[in-house]
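To find a chain, count down the sequence lines: A is the first, B the second, and so on, and within it residues start at 1.
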Amino acid sequence: MGDAVQPLLALSSLSCHYGKTPALRGVDIEVNEGELVTIVGANGAGKTTLLRAISGVLPIHGGSITFEGESITKMAAHHRCEVGICHVPEGRLMFADLTVADNIYLGGYAHRRDKSWIKKGTEWVYELFPILQDKAQDRAGTLSGGQQQMVAIGRALMGRPRLLLLDEPSMGLAPLLVADIFRVIRQLNQEEGLTCLMVEQNAKAALKIAQRGYVLETGGVTLSASASDLLANEEIRKAYLGH
Amino acid sequence: MGEVFLQSLITGVTVGSAYALVGLGFAIIFNASDVVNFAQGEFVMIGAMSAVSLLAVGLPFVVAIGFALLITVAIGMMLEKFAIEPAKSATVVSTIIITIGASIFLRGAALLIWGKNFHSLPAFSGEIPIHLGSATLTPQSLWVMGVTALMVLLVRSFFKRTVTGKAILACSANPMAASLMGIPVRRMMLFSYGLSAFLGGVAGVLIAPIAFTSYDAGMMLGLKGFAAAILGGLGNPMGAVAGGVVLGVLESLGAGLISSGYKDAIAFIILLLVLFFKPQGLFGRAGSDRV
């Protein structure tokens, strides 16, 4: 990674707090074009806060966010989607009463006037998750957790991401489905060249498909290394990988 | 007996159409934000009173009505912009209280502008009644029913077919997710208030030739519309429409068959019965599943 390469996303001493409780204290993170970067950390370390700050739904209190070399620190959340930051939120956050097709369609809200993209994007999503095509007219709230996660990813892909933020995509899913979801994320990153920043409790599975990782502890980055180094790191194994 | 019944039915559907439009306005804002907007009735009054004033200064009928509706929409949006949005961190209950305050404010402003006199609009297309057996139907009743039906169909297809309609539903389902999808949540809220105000204004203009309007006419209509929305199940737009018509018919049957003194009481007895025995409304849907 030469210094000449400008990172796609750069967070510089980003801080953020809920009331008086600091949630992020001076976080520096970079994500380069084409990478899959994962953030490992315990519950409450600030992982979700970090992603929400990047997509602008949570106000930040210090530091800056640069995307494609331009500061987006002050940009409104709904504009960040337009520049290509698309977020698969924790807990999936379905539009439960709307159909699966409408959920996916609304993911492309920022590009709603680009009919050819809407058509192409929808085909892409159904190709990645064929089951969703069968369920297209069902209310999203009636789907299983795994199918909802597919809708959540599909919805974000409709936003034509330059950077895909994934918040706990495996949360609450059966092991078989987890493998499915990770396979798709890996495919998106390696075959389609999509840049991803993923937060995941299941650190082992995440590090296996990621190139680099950051360890986040009580709102600060304590370690940054390649995914394979983190997988091999004794302390990380003990703390986050369960052995 | 039969003729009283038929006549009550006609009157009931006419008045019920106005309740339906007000109820629809309630449902739209409730859907977008879980807030019951108690200034909804004031939109009806503002629509009617503005039309009366604009007609009095000599504007042609259609132009006067067009501007009256514009004024109503503007006031609806201003309500959102200057009273609801600044309190965005307030709870739903506080926001509802803000709308009650806004309704009192709007009524007071109307009193200052228009005074205490009753006003009326001329009928849209003459007063020659149509005879249906022993009952009569005024042309204005047809206008009320026809325009209401048209509005209901338009609103329905707006939410079912257009991207903006779906985006508003998305904001109500999950504002954060909507925001992550690039949907400007505040602008959608502004739009919802504008749309509700528009429907209220339409109701006001439609019934002003039938019922007199005054600065406080919105209060009773607002409550009836609220009863309609509850009857149909809050948050169910088509339920609110059906609730409005049912309420209008029952009210008018009660007035015709029992005594006209009970007209308003009937609406509120129904409201209470629904709240006691079927709080989700006659056509209410079960809460949405969250897995």
Side-chain angles (χ1 to χ4, degrees), chain A residues 51-52 54-58 76-99 101-113 115 118 138-149 151-152 155-156 158-161 165 167 172-173, chain B residues 27-34 81 85 88-89 155-192 232-240 280-281 283-291:
Chain A
L51 291 194
R52 287 183 179 173
I54 296 171
S55 50
V57 289
L58 209 66
H78 60 267
H79 290 307
R80 295 192 196 191
C81 193
E82 285 162 22
V83 300
I85 298 179
C86 301
H87 189 146
V88 181
E90 181 184 23
R92 308 182 276 269
L93 307 189
M94 291 290 96
F95 304 131
D97 283 334
L98 296 183
T99 62
D102 281 346
N103 268 269
I104 291 169
Y105 175 55
L106 283 171
Y109 184 84
H111 310 287
R112 61 195 177 283
R113 289 191 188 87
K115 295 274 188 295
I118 296 291
D138 292 8
R139 289 195 313 125
T142 64
L143 265 54
S144 73
Q147 290 162 350
Q148 288 192 4
Q149 190 62 60
V151 175
R155 208 170 52 173
M158 287 299 288
R160 242 180 160 161
L165 305 175
D167 197 347
L173 302 188
Chain B
I28 288 168
I29 290 181
F30 182 81
N31 253 347
S33 60
D34 287 346
K81 191 80 193 160
E85 189 179 327
K88 59 185 161 208
S89 55
V155 167
R156 194 181 155 86
S157 68
F158 171 72
F159 282 108
K160 269 205 153 42
R161 311 241 174 274
T162 71
V163 65
T164 309
K166 288 175 183 177
I168 290 176
L169 295 180
C171 292
S172 76
N174 200 309
M176 182 188 279
S179 181
L180 290 177
M181 300 304 115
I183 299 170
V185 178
R186 293 303 333 172
R187 209 178 308 154
M188 292 298 152
M189 203 63 76
L190 198 61
F191 189 93
S192 302
L234 254 183
N236 176 350
M238 294 308 124
Q280 74 277 27
F283 316 98
R285 14 166 225 200
S288 54
D289 321 341
R290 294 261 153 78
V291 184

- request: Kindly check if the number of other-residue, nucleotide or ligand heavy atoms within 6.0 Å of CZ (A:Arg160) is above 12?
  value: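 More than 12 within 6.0 Å, yes.
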
- prompt: For B:Arg186, is it the side chain, the backbone, both, or neither that has a heavy atom closer than 4.5 Å to a heavy atom of chain A?
  reply: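 It is neither, since no heavy atom gets under 4.5 Å.
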
I need the [X] [atom1] to [Y] [atom2] distance, nearest 0.5 Å.
X: B:Lys166; Y: A:Arg112; atom1: NZ; atom2: CZ; value: 13.5 Å
X: A:Leu93; Y: B:Leu180; atom1: CG; atom2: CG; value: 7.5 Å
X: B:Asn174; Y: A:Arg92; atom1: CG; atom2: CZ; value: 12.5 Å
X: B:Met176; Y: A:His87; atom1: CE; atom2: NE2; value: 8.0 Å
X: B:Ile183; Y: A:Leu106; atom1: CD1; atom2: CG; value: 5.0 Å
X: B:Ser179; Y: A:Tyr109; atom1: OG; atom2: OH; value: 11.5 Å

Region of A:Arg52 in contact with chain B, defined by heavy-atom distances below 4.5 Å: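 Just the side chain, heavy atoms under 4.5 Å.
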
- prompt: Taking every heavy-atom pair that is under 4.5 Å apart, which of A:His79, A:Arg155, A:Met158 has the most such pairs with chain B?
  reply: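 Winner by heavy-atom pair count: A:Arg155.
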
query: Going through the distances and angles, do A:Phe95 and B:Met181 end up as a side chain to side chain contact (heavy atoms under 4.5 Å, CB included)?
result: CA-CA 11 Å; A:Phe95 304 131; B:Met181 300 304 115; 4.1 Å; yes

